[in-house]
Protein chains: 4
Amino acid sequence: MARRRVGNKRERIIAAAARLFGDKGYHNTTTAEIAETASVAAGTIYIYFSSKEELLVAVFEEFLSTHMDRLREGVSREQGPEAKLRRLLKLGLELMENNPDSARIFLSQLRQSTSMIKTVAKRSSRAYRDIIEGILEEGLREGLCRDMSTAVAAGMLFGAFQAVVLDWVADDCSYSLASYADELTNFVLDGVCCHGELPVPPASS
Amino acid sequence: MARRRVGNKRERIIAAAARLFGDKGYHNTTTAEIAETASVAAGTIYIYFSSKEELLVAVFEEFLSTHMDRLREGVSREQGPEAKLRRLLKLGLELMENNPDSARIFLSQLRQSTSMIKTVAKRSSRAYRDIIEGILEEGLREGLCRDMSTAVAAGMLFGAFQAVVLDWVADDCSYSLASYADELTNFVLDGVCCHGELPVPPASS
Amino acid sequence: MARRRVGNKRERIIAAAARLFGDKGYHNTTTAEIAETASVAAGTIYIYFSSKEELLVAVFEEFLSTHMDRLREGVSREQGPEAKLRRLLKLGLELMENNPDSARIFLSQLRQSTSMIKTVAKRSSRAYRDIIEGILEEGLREGLCRDMSTAVAAGMLFGAFQAVVLDWVADDCSYSLASYADELTNFVLDGVCCHGELPVPPASS
Amino acid sequence: MARRRVGNKRERIIAAAARLFGDKGYHNTTTAEIAETASVAAGTIYIYFSSKEELLVAVFEEFLSTHMDRLREGVSREQGPEAKLRRLLKLGLELMENNPDSARIFLSQLRQSTSMIKTVAKRSSRAYRDIIEGILEEGLREGLCRDMSTAVAAGMLFGAFQAVVLDWVADDCSYSLASYADELTNFVLDGVCCHGELPVPPASS
DNA sequence: AATGAATGAGTCTTCATTCAT
DNA sequence: AATGAATGAAGACTCATTCAT
């Protein structure tokens, strides 16, 4: 009863493109397929997006904005840098697990061209890393982190995060990604914390 | 004096493809361009490679095998897990810095399609990670590493490594990548070492 | 104060189409552009015209009818074939100069397809030539013209007229077209008059 | 036995395009049709021409160069400006009659866009008019022509020529164009000659 | 082995036209 | 009458791949 109603066409197109780009890759997806999957005419895509590439960007921005909002909100509810980092990684993995197509786009499609790496991919990675950096700086101020460049550390931490997700994608998303949250957290906590003072991670779920 | 003669055509094609794939991306490079850059006829490519995609794979295998040989050799010359890890990361960054095109292919072009992620990208990442894992296991045996899944840790460590390289690529390779070796090493050493026993990293160059 | 209100939509569409067709050519003008220029909705065009091509015809008919009325009126005010011809050419060039877009349509857009040449272009050229022919026949009756086919002569005279206008268009309408009136008149008068009796053209402005 | 042999593909494409452009107009002809008519693959067109528009230009240049060579040669064989002009017009009409498609392209397709009018159409018209102007200047030197701007006169003369051809095209090329040669010649001779000295045109065929 | 002209399937994109509101 | 979102057929152009020489 809902379907095919109102001006949800833009959303339908984005959803269809997300599914197909994630599944088959940007270049192996035709605009005709996207239109069909979205149940719109081929030309309709071009009412909402000026080109196929702009659609890819839109697909990702869509994912990123809701994704980031949730991450920030989740993090802000925690007290202290460690709990925040723990929450961030857990939440990040959960969001990826619930949006495998977006995850795939995030990890590969956005790197099609050098120009895209320099713009969209860079921006999205920056969003993620800004959150991380904020936490690390807090840890630094509180004496919980060892002395380091928070920017570089955030980058590497984010790299570890991506590696976990890419492995999962390369394995057909066949296992539960969230179960790696603890392992990931421990790894990165150890990589950034002051030793000795390192708080024993509570055996959280 | 040698160039352009003899049957080095296969190598010339691979070199041309490496440069172009790295520069403009796999999909934005035509076989005609590759042929021209390699100074061979368009059809000649198909004498040595059955398809454009197979050429991409070959380009990468070429890079990977020489790359890995050097890494293994460099690592084997070091004594003890920490020194080995330190050497591995330093050498890895150096190799990337000297082959920016291959680095780009490594980080993005190999992820064009899910199938490629599952085969080539996975295999190449495995090669890297096997080396890392070997080192971590040695550290575990010697009691230098904390208890952990060496496989997962190797993956995350490799992720951090990739993040550093991707940042560099996204910044037009405009700075010296190797200068990040120490920062990276410290990060990953802390992430895998037993605390307290953590050897102070010598202020190596 | 009137603009944009009432049912002058048809006129607005014709005016917009005239400007755009003349400027960019029929095929390079989209109905969407016409609608926007005319400040009407895309669909509104099809309330007044059944197709884009019919709109082109309408644009031209509009121009032609007012154009021809003025020509006929101007000519009728003159006495004698020579004065009439002189007036016709002068007035014709003036009208073209004041409607460069229509001039362009007249000279090129109407010749898009053979069918259009056979219908609209032919009809418009006939209108012009009928006036000329009438004058020539008058000259013939009065013994001022040499013996000839007035139809053919009218056609050629009209051709010379078009050539002058086309040159002007090809030169970006960068000079005053009307200044060529005398030269044109002399040429065609000489081409149709009896020699010897040829009245010396007064050095009219 | 000849067909489909050697590298006559470029010529076949030009011939096919000439026929189709002349027949249905540039915009109503698809590259697929051209390819089929020329018995080549769709992509082959783009080996020889970088775009459909460049093909149109090539079609016309082809026509123009052979056309002009013949005109010049024919004219140069005649003695005296009047005989030359007579020959030029007669030959010009004959060439048009034998290449009705090129004639159509000449008169209409080349005027599709303002830019084309300014480049190709202008150039082709210049070629024709240069020949005419040369003759008129000779007549001027010999005192056979009345005082006038040879450039403008040549333009108008050429306009009269075009008008005759356009009429013929608008009438489906249903009559013999060459039969109008005398009428045209008389018209233009009268338009440019000194009166009194005007040589009586021999009742040539 | 090598060439490079030729192929033709495949794709993005445009745009005249329609129609539910 | 008017709107403008939606349609979908159509078309120029690309390019991986083949094959006769």
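In what follows, every chain begins at residue 1, and chains take the letters A, B, ... in the order their sequences are listed.
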So CG of D:Leu20 and OH of D:Tyr26: to nearest 0.5 Å the spacing works out to 13.0 Å
Separation between CE (C:Met116) and CD (C:Gln109), nearest 0.5 Å, reads 9.5 Å
Send over the distance from [X] [atom1] to [N] [atom2], rounded to a whole Å.
X	N	atom1	atom2	result
B:Asn28	E:dT11	CG	C1'	15 Å
B:Leu56	F:dA16	CG	C1'	15 Å
D:Glu53	F:dG11	CD	P	18 Å
D:Asn8	E:dA5	CG	C1'	13 Å
A:Ile45	F:dG8	CD1	C1'	12 Å
B:Glu54	F:dT17	CD	C1'	14 Å
D:Glu33	F:dA12	CD	C1'	13 Å
B:Glu36	F:dC15	CD	P	14 Å

Regarding the side chain of D:Tyr46, the nearest nucleotide among F:dG8, F:dT14, E:dT14 is F:dT14
- Among F:dA16, E:dT7, F:dT3, find the nucleotide with the atom closest to the side chain of D:Ile47.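 Looking only at heavy atoms from C-beta outward on D:Ile47, the closest nucleotide is E:dT7.
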For E:dA1, the Watson-Crick or wobble partner whose two distances fall under 3.5 Å
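Matched E:dA1 with nothing under the 3.5 Å cut-off.
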Looking at F:dA10, which nucleotide sits across from it as a Watson-Crick or G-U wobble partner, both distances under 3.5 angstrom, or is there none?
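Pairing partner, where one exists within any strand: E:dT13.
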Exercise. Is B:Ser50 touching bases, backbone alone, or none of the nucleic acid, heavy atoms closer than 4.0 Å?
Worked result: nothing
| message | One thing to verify: whether C:Arg19 and C:Glu33 come together as a salt bridge, which I'm taking to mean a side-chain N less than 4.0 angstrom from a carboxylate O. | response | no
Note: for D:Thr30 and B:Thr29 on DNA chain F, the residue whose nearest nucleotide lies more 5' is D:Thr30
Whichever of D:Gly43 and B:Ser51 has the more 5' nearest nucleotide on DNA chain F, that residue is D:Gly43
Any side-chain N or O of [X] under 4.0 Å from OP1/OP2 of [N]?
X	N	result
B:Tyr48	E:dA2	yes
D:Thr31	F:dA12	yes
B:Lys9	E:dA2	yes
A:Thr44	F:dT7	yes

The residue, A:Ala42 or B:Ala42, whose nearest nucleotide of DNA chain E is more 5′ is B:Ala42
- Query: Taking for each residue the nucleotide of DNA chain E with the nearest heavy atom, is it C:Tyr26 or A:Ala32 whose nucleotide lies nearer the 5' end?
  - Reply: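 Mapping each residue to its closest nucleotide by heavy atoms, the 5'-most match is A:Ala32.
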| request: Quick one: closest heavy-atom pair of B:Ile45 and B:Thr31, and the distance? | output: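 Scanning both residues, the minimum pair turns out to be CD1-O, 3.4 Å.
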Counting distance only, does the side-chain N/O of A:Thr44 pair as donor-acceptor with the main-chain N or O of A:Val40 below 3.5 Å? no
Problem - More than 12 heavy atoms of other groups within 6.0 Å of A:Glu36 CD - result: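 Check fails, neighbour count at 12 or below.
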